[in-house]
*Asks:* 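Structure below; questions to follow.
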2 protein chains.
Amino acid sequence: MSNSEIIKNVSIDCIIYSFNDSKLQVLLVRHAIGKSVGKWALPGGYVKSDEDIDTAAVRTLKLHTGLEDIYLEQLKAFGAVDRFPNERVITISYFSLVRYKYVVLKPGESVYEAKWFTMDEIPPLIFDHKKILEFGNSRLRHIVRHEPIGFRLLPEVFPLLQLQSLYEAILNTKFDKPNFRRKLLKMNFLYDTKVKQKNVSHRAANLFRFDLEAYEKLKEKGFTFDL
Amino acid sequence: MSNSEIIKNVSIDCIIYSFNDSKLQVLLVRHAIGKSVGKWALPGGYVKSDEDIDTAAVRTLKLHTGLEDIYLEQLKAFGAVDRFPNERVITISYFSLVRYKYVVLKPGESVYEAKWFTMDEIPPLIFDHKKILEFGNSRLRHIVRHEPIGFRLLPEVFPLLQLQSLYEAILNTKFDKPNFRRKLLKMNFLYDTKVKQKNVSHRAANLFRFDLEAYEKLKEKGFTFDL
DNA sequence: ACAAAAGTGTTCCAGCTACACCCATGT
DNA sequence: ACATGGGTGTAGCTGGAACACTTTTGT
């Protein structure tokens, strides 16, 4: 335990998304202490006086998922006077995309259960966490169409159809398979590993990898991802 | 002066944009009291314990511009440990678009000068305000292409070419006049008032008005503005 | 008459949509 | 053999880019 103080008025909450079983999932925890014992909430915590807010978010994320070096972006600060009972706490929300299989759920301090939920299973949440989650969802839908971040939810190599289902699930649409394929390949940041799927009861697909470096170069040249 | 307390660890800073003389401008103020006397800064202030953060932003905006009911959106929280000297202050930045001619600059309390600057005239700023401003600029460039908010910087009625110059200035590009015109008109949220410009030494242009209601309806139907 | 900006018309072409079709692999 | 998804080809349409052209107003 660090010996540094916390800032009483500022907290962090993280929306942690993953993709499994063809569905978008979000990580929730049940509080083991404090006013909200037993209730579900977004994983969160306070900011320490000697750490940056981004560092606090990384710490929170690691605490609940064991993961570091993850896509993590600030979402929005929520600061209604009455959002937190009795005290004034402004929360800064973050959102994060993780690869489902890499996460080993381990309830951290002050939490006795951590669990993935699909969007139609979300239980009642404490405070304004439902609002935060909804805000995150709409941001996710937006950003996923304008930046190639969907890859962060998939294994490092993946068949194209899996990428397509991911987008279909998040955006709630259908894409034409041949056209989706061509469109993405033409963007030139998907590297064909030439490795094929194993043990599938149909023709094995080639596995692709997202080439971040190639994407960065394209972006410098004015390319913008748009789906 | 309100009798409510302020939250010591949380401040608000506003990036207030306007458009004049074919250029994007931003409002800066010079501090009259405190550690940064005489230095230029983004207009800001503290959050009171009995007001929402959005309310604090609206209050700050009104203090410096006299304006209410303005486009104002949260940008991002900045919370590096060392961003503020000696104390720990996390700031929540907002950005706002106003109509230049509606603003009467009146230095408020604790500020002895308020002034518009174009982007290539920005003086040194206190703390991390330069970083905040740059973040705001890139957000502005992004949002302006994906939501029709450019109108907030223009008079309520405007000729199309003025809209085009606005976009050209913000995005630093050139558009083809006929094509720009057709593209925007086809979107069906510009209402032709049929009123013409006066006293211009060339054919008078029709003045248009942004029809928010029409735009909202289009959005519901899945339309997305893209420039 | 001329300058300057408003506004219209039209050609050409890239890129997207829609859909038909063939390929590979496990049961 | 057939079901399932992988992957290619292509005809047709749409919308945007480029640019020529006409119109209106003030000096």
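Chain letters run A, B, ... following the sequence lines, proteins first, then strands; residues in each count from 1. Worth knowing before you read on, the calculation uses all heavy atoms, side chains too, and leaves out hydrogens, waters and symmetry mates. Please read these numbers as outputs of a predicted model, since none were measured by experiment.
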*Asks:* Would you say the side-chain atoms of B:Arg99 pair up with the backbone N or O of B:Leu153, donor to acceptor, closer than 3.5 Å?
*Replies:*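 Not at all, since once roles are kept as given, no pair shorter than 3.5 Å links the two residues.
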
*Asks:* Would you name the heavy atoms of B:Leu105 and B:Ala114 that are closest together and state the gap between them?
*Replies:*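 Closest heavy-atom pair between B:Leu105 and B:Ala114: CD1-O, 3.5 Å.
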
*Asks:* In whole angstrom, what separates B:Asp192's CG from C:dA6's P?
*Replies:*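 Spelled out: CG on B:Asp192 to P on C:dA6 is 14 Å.
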
*Asks:* Of all residues at least two apart in sequence or in a different chain, which pass the side chain to side chain contact (heavy atoms under 4.5 Å, CB included) check with A:Ser93?
*Replies:*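 Testing A:Ser93 for side chain to side chain contact (heavy atoms under 4.5 Å, CB included), a comparison that skips the adjacent residues, returns A:Leu75, A:Lys76, A:Phe78, A:Ile132.
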
*Asks:* Would you confirm whether A:Asp176, through its side chain, and A:Asn179, through its main-chain N or O, come within 3.5 Å as a donor-acceptor pair?
*Replies:*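 Judged by distance alone, yes, a pair lies under 3.5 Å.
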
*Asks:* Rounded to whole angstroms, how far apart are CG on B:Leu185 and P on C:dA6?
*Replies:*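 Rounded to whole Å, this separation is 13 Å.
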
*Asks:* With a 3.5 Å cut-off and heavy atoms only, can you find an N or O donor on one side and an acceptor on the other between the side chain of B:Lys177 and the base of C:dA6?
*Replies:*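 When only heavy-atom distances are counted, B:Lys177 does reach the base of C:dA6 through a donor-acceptor pair under 3.5 Å.
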
*Asks:* Show me the protein contacts with nucleotides 14-18 of chain C, counting only N or O atoms at under 3.5 Å.
*Replies:*
{"unit_1": "C:dC16", "atom_1": "OP2", "unit_2": "A:Lys186", "atom_2": "NZ", "d": "3.1"}
{"unit_1": "C:dA18", "atom_1": "N7", "unit_2": "A:Asn179", "atom_2": "ND2", "d": "2.9"}
{"unit_1": "C:dA18", "atom_1": "N6", "unit_2": "A:Asn179", "atom_2": "OD1", "d": "3.1"}
{"unit_1": "C:dA18", "atom_1": "N6", "unit_2": "A:Arg182", "atom_2": "NH2", "d": "3.1"}

*Asks:* Between B:Thr193 and B:Phe208 (side chain of the first, backbone of the second, donor and acceptor by atom type, cut-off under 3.5 Å), is there such a pair?
*Replies:*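 Pair absent, no side-chain N/O of B:Thr193 close to backbone of B:Phe208.
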
*Asks:* Please answer whether the main-chain N or O of A:Phe175 pairs with a side-chain N or O of A:Glu168 as donor and acceptor at a distance below 3.5 Å.
*Replies:*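 Yes, because the side chain of A:Glu168 sits within donor-acceptor range (under 3.5 Å) of the backbone of A:Phe175.
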
*Asks:* For DNA chain D, find the residues of residues 219-227 of chain B with a heavy-atom distance under 4.0 Å and give them by number; none if there aren't any.
*Replies:*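 Output list: empty, so none.
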
*Asks:* Could you tell me whether A:Lys115 sits above the aromatic face of A:Phe117, with NZ or CZ closer than 6.0 angstrom to the six-membered ring centre and within 45 degrees of the axis?
*Replies:*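 Satisfied, under 6.0 Å and within 45°.
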
*Asks:* Just do the side-chain contact (heavy atoms from CB on, under 4.5 Å) check on A:Arg139 and A:Glu73 with the steps written out, would you?
*Replies:* CA-CA 11 Å; A:Arg139 169 77 133 255; A:Glu73 183 173 307; 4.2 Å; yes

*Asks:* Could you tell me which residues satisfy side chain to side chain contact (heavy atoms under 4.5 Å, CB included) with A:Thr224, sequence neighbours excluded, listed by chain and number?
*Replies:*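 Here the qualifying residues are A:Asp226, B:Arg145.
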
*Asks:* Using the salt bridge (charged side-chain N to carboxylate O under 4.0 Å, His left out) criterion, which residues pair with B:Lys130? Sequence neighbours excluded.
*Replies:*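 Once residues adjacent in sequence are excluded, the partners of B:Lys130 under the salt bridge (charged side-chain N to carboxylate O under 4.0 Å, His left out) criterion are B:Glu134.
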
*Asks:* Which residues satisfy the side chain to side chain donor-acceptor pair (under 3.5 Å) test with B:Arg59, sequence neighbours excluded?
*Replies:*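 With neighbours one apart ignored, the set is B:Glu51.
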
*Asks:* Measure the distance from NZ on B:Lys174 to C1' on C:dA5 and round it to the nearest whole Å.
*Replies:*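 Taking NZ of B:Lys174 and C1' of C:dA5, I get 14 Å after rounding.
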
*Asks:* Under a criterion of less than 4.0 angstrom to any heavy atom of chain B, what are the 5'-terminal and 3'-terminal contacting nucleotides of DNA chain D?
*Replies:*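 Counting from the 5' end, contacts occupy D:dG16 to D:dG26.
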
*Asks:* Under 4.0 Å from any atom of DNA chain C, heavy atoms only: list the residues of residues 143-161 of chain B that qualify, in numerical order.
*Replies:*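 Contacts with DNA chain C under 4.0 Å: B:Leu161.
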
*Asks:* For nucleotides 25-27 of chain C, tabulate all protein N/O to nucleotide N/O atom pairs closer than 3.5 Å, reporting atom names and distance.
*Replies:*
{"unit_1": "C:dT25", "atom_1": "O4'", "unit_2": "A:His202", "atom_2": "O", "d": "3.4"}

*Asks:* Taking B:Gln25 for the side chain and B:Ser18 for the main chain, is one N or O donor matched with an acceptor at less than 3.5 Å?
*Replies:*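 Not a single qualifying donor-acceptor pair exists.
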
*Asks:* Among residues at least two apart in sequence or on other chains, which ones pass side chain to side chain donor-acceptor pair (under 3.5 Å) with A:Asp120?
*Replies:*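 Checked A:Asp120 against side chain to side chain donor-acceptor pair (under 3.5 Å); matches are A:Thr118.
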
*Asks:* Can you name the ring-ring contact (aromatic ring centres under 6.0 Å, His included) partners of A:Tyr100, sequence neighbours left out?
*Replies:*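 Applying ring-ring contact (aromatic ring centres under 6.0 Å, His included) to A:Tyr100 gives A:Trp116.
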
*Asks:* Kindly write out the residues that satisfy side chain to side chain contact (heavy atoms under 4.5 Å, CB included) with A:Lys62, not counting sequence neighbours, or none if the list is empty.
*Replies:*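 Expected list: A:Glu68.
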
